[in-house]
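Data block below; observations after.
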There are 2 protein chains.
Amino acid sequence: MNKKPTIRDVAKQAGVSPATVSYVLNDVKKVSDKTKAVVLEAIEQLNYFPDFTAVSLSKKKSNLIGIMLPIIEDSPASVFKNNLYYNEFVSGVELVARNRKFDTMITGVGDLDECKNWIMKRNIDGLIILGMFPESLYNELKNINIPIALIDTYEDYTNLFNNVKVNDEYGGYLAAKHLVELGHRNIAFVATNLAMSPVDRKRYQGFEEALKEAGIQPSSKFIFETHDITFEDGAKVGKELLSSDHGITGIVTVSDVLAIGIIKAIQQEGKQVPADYSIVGFDDLSICKYITPSLTTIRQDIFEKGKLAADQLVNAIESLNSEQKTIEMPVELIVRESTRSL
Amino acid sequence: MNKKPTIRDVAKQAGVSPATVSYVLNDVKKVSDKTKAVVLEAIEQLNYFPDFTAVSLSKKKSNLIGIMLPIIEDSPASVFKNNLYYNEFVSGVELVARNRKFDTMITGVGDLDECKNWIMKRNIDGLIILGMFPESLYNELKNINIPIALIDTYEDYTNLFNNVKVNDEYGGYLAAKHLVELGHRNIAFVATNLAMSPVDRKRYQGFEEALKEAGIQPSSKFIFETHDITFEDGAKVGKELLSSDHGITGIVTVSDVLAIGIIKAIQQEGKQVPADYSIVGFDDLSICKYITPSLTTIRQDIFEKGKLAADQLVNAIESLNSEQKTIEMPVELIVRESTRSL
DNA sequence: CTGAAAGCGCTTACAG
DNA sequence: CTGAAAGCGCTTACAG
């Protein structure tokens, strides 16, 4: 527990000034090879590494990127519990952050102030925001002078920021088209909340488009909404869907998690997938292959999404090149066992 | 983008010294109510909040707790991708950290130095280590003067630290006993790596115990090992298990994720769970209820585990009370559809 | 090429 | 009860 050496200790050991040590540390090109060698030697001997807190303070740069996760109203407790999506996303972020010498902080936030505070007090260099927050947050965010990457947002007030999203509309389209081609006509769309979620709306647009192309008249009778993205909510909406008798045979869903819950509900009612209902998920979580029936779904590469978001963010941080960019990732239909031809 | 106010600005506004502002901020009880009110007023007006970087530097306390995740050899990429366990654990940590005014950083680490650096450079106040690292790491850790909580470790060199674990032995016992009571005699044990994982060993001990109680002679023929905890590894070991013909009818597993993979393998070979094989998982991830058949498993409350670990850590940080504690959480058999009476 | 000095935004003995 | 001053560990103009 010999206390951590400081830059001063290194300086003394090397017989130079702290400034010089700092110069070699930061590769400021005005140190002679000779002194540089001496300094490096001293650093090695003392096993010195800089205190990032101090560096942050004087450089006004923290090398910290933050991931903010929304807290759903009634489960402020669980930040990203239950939602497999977050898992993969955060992994992606952490990976590129680490490789690029940044550290990753995560937080769930309740109210606006909490959020602003969090950013400011830690001098976060960049922020990734996952999920929807109230518009007022984004307005506040404009005044904060750090790069921000939003994930999966479509609102107008949102395009002042960097953005990583997938082609949601096409995803909805692919899902519906797949079912249509299999001969389904009465197809349900299960969203979380169309009014609140632009992502859901985009997917629904694509969904509608596919129906229309096939000469099917979309109807709001076929829209179902859940509260949150959990297996349980999926099961709940599944029951609802089963008892609504509109001759539904196909189900397009906004998330694999929901789809898995729905399948369970179907099975519990003594019906089968895909015999009685064909269902397609969204995301292609790793679990999809391993449930029975395995889940047909719209694949998006969430891990990659996290990597892209982090890369975009770090680029913005490092190059001051504050040009907003939005990256749209492709989407792909993965056919497995949960859908069948009618 | 008016720049962030500093303590100096507040002081000026309130007509006091920065020191005084600091006093009221830190609730050092020597400020008159009157000046305190003035200061608070100024803070309010300027919308001031302290810069944690600066606070950290001068207080030598960061209010940061770190979660270190192991990086499995061949997938250094994914920190906690794929493993649903991490998800819930981290959520628990984040929740209590936030409530107790700490922030949460996560990192995956490759080598030793990376780890030590990470702790030191950020002045992390406390560390939670998830999973196994080489012994040398723990030796290094002893020299670092911060509270550390280890999760699920049993090694000798490990009990210098705080520890949160579950009653693994009893878990293994419950699982095996359940199967034995259902009439199974040839029961496989699927671990990740008995030689490497003390947790696995504990569970196996309990497993053996239950067999012996029932007069069944344990045999190494019935032990199977995987590489990592992924669905894929589960499926792989499942195939292995199926082709090893020892008349196995029951399977005890060290993780739900593995169990799910195994079930898939079984179904793909045209066999059924529980008709042909009864299987019990470990963890009780939220997915367990929603797969088909739903998974009988040994429940541990992972979310709670994260909360306990964080609480323990923060307690240690705040009270200097550096007495090591190990918390053992209970474990419970949850019977669902994946096991049946023979 | 190198160093003395001021500064980053706070805290904390120490005086008064 | 309040403030001046030194200090936390670094960086960075500015001189020389």
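Note that these values count all heavy atoms, side chains included, but never hydrogens, waters or copies made by symmetry. Per chain, numbering begins at 1; letters A, B, ... match sequence-line order.
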Checklist outcome for this item: Per atom distances to the A54(A) side chain, the nearest of dC1(C), dT12(C), dG9(D) is dG9(D)
Item to check | Protein-nucleotide distance (R8(B), atom CZ; dC10(C), atom P), rounded to Å | outcome: 9 Å
Item to check | Rounded distance (Å) that lies between atom P of dG7(C) and atom NZ of K60(A) | outcome: 14 Å
Next on the checklist: Tell me the interatomic distance from F52(A), atom CZ, to dC8(D), atom C1', rounded to whole angstroms.
Outcome noted: 17 Å
Checklist entry - When all nucleic acid strands are considered with a 4.0 Å heavy-atom cut-off, which category describes V21(B): base, sugar-phosphate, or nothing? => result nothing
Checklist entry - Is there a Watson-Crick or G-U wobble partner for dA4(C) with both distances under 3.5 Å, and which nucleotide is it? => result none
Checklist entry - Where the side chain of N26(A) is defined as all heavy atoms beyond and including C-beta, which of dC8(D), dT11(C), dT11(D) is the nearest nucleotide? => result dT11(D)
Checklist entry - Considering Watson-Crick and G-U wobble pairs with both distances under 3.5 Å, what does dA13(C) pair with? => result none
Next on the checklist: In this structure, how many angstroms lie between the P atom of dG7(C) and the CG atom of D51(B), rounded?
Outcome noted: 18 Å
Item to check | Residue pair N163(A) / T153(A), side-chain donor-acceptor N/O under 3.5 Å | outcome: yes
Checklist entry - Atom CD1 of I7(A) to atom P of dA4(C): distance rounded to whole Å? => result 14 Å
Item to check | Atom pair distance, as rounded to whole Å: CG in D27(A) and C1' in dT11(D) | outcome: 15 Å
Item to check | Distance, nearest 0.5 Å, that separates CG of L25(A) from OH of Y48(A) | outcome: 5.5 Å
Checklist entry - Heavy-atom distance under 4.5 Å between the side chains of F161(A) and L127(A), does that happen here? => result no
Checklist entry - Rounded to whole angstrom units, what separation is found between the OH atom of Y23(A) and the P atom of dC10(D)? => result 15 Å
Next on the checklist: OP1 or OP2 of dG3(C) versus the side-chain N and O atoms of T20(A): is any pair under 4.0 Å?
Outcome noted: yes
Item to check | Position toward the 5' end of DNA chain D (nearest nucleotide), S58(B) or A19(B) | outcome: A19(B)
Item to check | Donor-acceptor pair present, Y48(B) side chain and dG9(C) base, under 3.5 Å | outcome: no
Next on the checklist: Of the options dC10(D), dA4(D), dC10(C), whose atoms approach the side-chain atoms of S17(B) most closely?
Outcome noted: dA4(D)
Checklist entry - Quick one: K12(B) NZ to dA4(D) P, roughly how many Å, whole number? => result 13 Å
